[in-house]
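Along the sequence shown, the residues carry numbers beginning at 1.
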Amino acid sequence: VADIDECASGTATCSVNAACTNTVGGYSCACATGYTGDGETCTAVGELEACRVRVRVANGQALRFGMRIREIEVYSDDECSTPLP
């Protein structure tokens, strides 16, 4: 019986952020660099931490590289799902 390449045939269920490797009788998925998970579900490393950045800036003061803050959203919970009014 010939091996079916699930990766090439498109029947593998790997994440779009994962590499698919054909094996005899199956396949395996591995998250790409910068992602974590089981290969079928891959989440960007630090994705949930993005809202925890702290910035201290005086009014009108330029940030590094000449950037300025235009808008800030403040949340009342660690998951960044409940914005403060």
Side-chain angles (χ1 to χ4, degrees):
V1 176
D3 180 55
I4 297 171
D5 186 341
E6 293 87 357
C7 300
S9 69
T11 59
T13 58
C14 299
S15 165
V16 296
N17 298 309
C20 183
T21 303
N22 185 55
T23 60
V24 176
Y27 63 95
S28 65
C29 306
C31 294
T33 302
Y35 292 85
T36 186
D38 63 5
E40 290 191 4
T41 302
C42 298
T43 304
V45 173
E47 186 172 280
L48 298 178
E49 301 297 320
C51 63
R52 296 183 185 180
V53 174
R54 294 182 183 176
V55 178
R56 184 177 181 173
V57 182
N59 285 340
Q61 181 180 3
L63 300 173
R64 285 182 153 184
F65 312 112
M67 294 182 281
R68 294 183 182 271
I69 295 176
R70 179 176 179 178
E71 185 176 326
I72 297 175
E73 291 185 28
V74 180
Y75 298 88
S76 62
D77 60 333
D78 288 340
E79 293 79 30
C80 299
S81 61
T82 308
L84 289 174

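- With sequence neighbours left out, the side-chain contact (heavy atoms from CB on, under 4.5 Å) criterion links Thr11 to Glu6, Ser9.
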*Could you walk me through whether Cys31 and Thr36 pass the side-chain contact (heavy atoms from CB on, under 4.5 Å) test, one step at a time?*
CA-CA 6 Å; Cys31 294; Thr36 186; 5.8 Å; no
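- Remark: Cys20 pairs with Cys7, Ala12, Cys14, Tyr27 by the side-chain contact (heavy atoms from CB on, under 4.5 Å) rule, at least two apart or across chains.
- Residues that satisfy the side chain to side chain donor-acceptor pair (under 3.5 Å) test with Asn22, not counting sequence neighbours, are Asp3.
- With rounding to the nearest 0.5 angstrom, the CG atom of Asn17 is 11.5 Å from the OG1 atom of Thr33.
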